[in-house]
Amino acid sequence: MTSFDDLDREMERLKAMSGGGSSLEPVLQFAAERASAFQATCPDGSQPLIWTEYHKEYREMFESHLQTILHALDMTEDSFHELCGYIQEIEENLGDDSENLYGYIKAITSSEEYDSFLQLMFGEVQRQQQEAGACMEGQTQEIQVLVPEGMGPGQLLAVDYLGQRYELYIPEGYGAGMTFCASIAIHS
């Protein structure tokens with residue numbers, strides 16, 4: 001077990017290398033460049049395969065960044081995991097995260113969580129849409145919905161869009177393989 005003094009020294013070195021966790025530029029750029037793929041409507045709860053491929057890239061980006069920091073600090077992964085536990089304990093027991101290291105550690109480890117990744121990407125889509133004046137909270141937005149095989153006019157179709165579930169009736173004249181336009185209320 002490493003002493004608290006050793007962990008404090010390691011925490012200072014990590015803080016110096018990470019900038020206190022304030023550098024999000026690569027994450028923001030990653031999200032901005034791939035946001036268009038996350039505007040898909042997803043009937044039946046399925047999601048495009050490209051989303052999981054992007055999540056893999058996202059995880060690899062964080063892993064590479066972490067390995068660079070650990071190498072520069074001459075720190076092993078085991079030491080880093082011990083340090084993470086120490087930082088988490090300080091934050092949870094003392095409420096002290098004045099250096100935002102816990103936020104930094106949480107960002108690195110949350111990169112593994114697919115749902116957290118999706119929320120990041122959906123948030124970027126919404127940010128870009130708002131920037132373009134396309135939609136704001138409480139307004140409606142037009143989406144294109146593909147009618148799945150085995151469904152037809154008058155049936156209720158559950159569709160996921162930007163992490164929200166919408167139930168839409170398939171309009172008359174639309175059958176499997178056809179696309180209809182639907183207006184949805186925007187939620188954040």
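Counting from 1, the numbers follow the sequence of the chain as shown. Please read all numbers here as calculations on a predicted model, not as lab measurements.
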Worksheet item: With the 4.5 Å side-chain cut-off for hydrophobic clustering, are Ile184 and Leu146 part of the same group?
Response: no

Worksheet item: For the hydrophobic clusters of this structure (ILVMFWY residues joined by side-chain heavy atoms under 4.5 Å, transitively), does one cluster hold both Tyr114 and Tyr161?
Response: yes

Discussion item. For Glu149, is the CD atom crowded, meaning more than 12 foreign heavy atoms sit under 6.0 Å from it?
Written reply: no

Just how far is it from atom [atom1] of [X] to atom [atom2] of [Y], taken to the nearest 0.5 Å?
X: Ile143; Y: Gln141; atom1: CD1; atom2: CD; result: 7.5 Å
X: Thr76; Y: His81; atom1: OG1; atom2: NE2; result: 8.5 Å
X: Leu66; Y: Met75; atom1: CG; atom2: CE; result: 9.5 Å
X: Glu33; Y: Glu124; atom1: CD; atom2: CD; result: 10.0 Å
X: Gln39; Y: Leu162; atom1: CD; atom2: CG; result: 7.0 Å
X: Leu28; Y: Leu120; atom1: CG; atom2: CG; result: 8.0 Å

Worksheet item: For the residue pair Phe122 and Trp51, does the interplanar ring angle fall in the parallel (under 30°), tilted (30 to 60°) or perpendicular (over 60°) class?
Response: perpendicular

So, does [X] use its side chain to make a donor-acceptor pair with the main chain of [Y] at under 3.5 Å?
X: Thr68; Y: Ser64; value: yes
X: Gln126; Y: Gly123; value: no
X: His55; Y: Ser111; value: yes
X: Thr52; Y: Leu49; value: yes
X: Gln128; Y: Ala35; value: no

Fill in: Test item: side-chain donor near acceptor, Gln144 and Thr179, under 3.5 Å
no

Practice prompt. Answer with yes or no whether the side chains of Gln67 and Glu63 bring together a donor and an acceptor at under 3.5 Å.
Written response: yes

Of all the heavy-atom pairs spanning [X] and [Y], show the shortest one and how long it is.
X: Ala176; Y: Pro148; answer: CB-O, 3.6 Å
X: Cys181; Y: Glu142; answer: SG-OE1, 2.7 Å
X: Gly173; Y: Pro153; answer: N-CG, 4.0 Å
X: Val145; Y: Ala182; answer: CG2-CB, 4.5 Å

Worksheet entry | Chi angles and distances behind the side chain to side chain contact (heavy atoms under 4.5 Å, CB included) call for Lys56, Phe117 | CA-CA 10 Å; Lys56 180 181 177 194; Phe117 168 72; over 6 Å; no

Practice prompt. Kindly confirm or rule out a cation-pi arrangement of Arg34 over Phe30, judged by NZ or CZ under 6.0 Å from the six-membered ring centre and within 45° of its axis?
Written response: yes

Worksheet item: Quick check, are the ring centers of Tyr58 and Tyr54 under 6.0 angstrom apart?
Response: no

Discussion item. Could you check whether Tyr169 and Phe180 have their ring centres less than 6.0 Å apart?
Written reply: no

Worksheet item: Does the pair Glu167 and Val159 meet the rule for a side chain to side chain contact (heavy atoms under 4.5 Å, CB included), with working shown?
Response: CA-CA 6 Å; Glu167 292 189 352; Val159 174; over 6 Å; no

Worksheet item: Is there a side chain to side chain contact (heavy atoms under 4.5 Å, CB included) between Met61 and His65 once you walk through the steps?
Response: CA-CA 6 Å; Met61 177 181 67; His65 180 65; 5.8 Å; no

Discussion item. Working note: Asp78 + Glu82, criterion side chain to side chain contact (heavy atoms under 4.5 Å, CB included); need CA distance, chi angles, decisive distance, verdict.
Written reply: CA-CA 6 Å; Asp78 288 341; Glu82 188 175 1; over 6 Å; no

Discussion item. In the structure I gave you, are the side-chain heavy atoms of Val27 and Phe62 within less than 4.5 Å of one another anywhere?
Written reply: yes

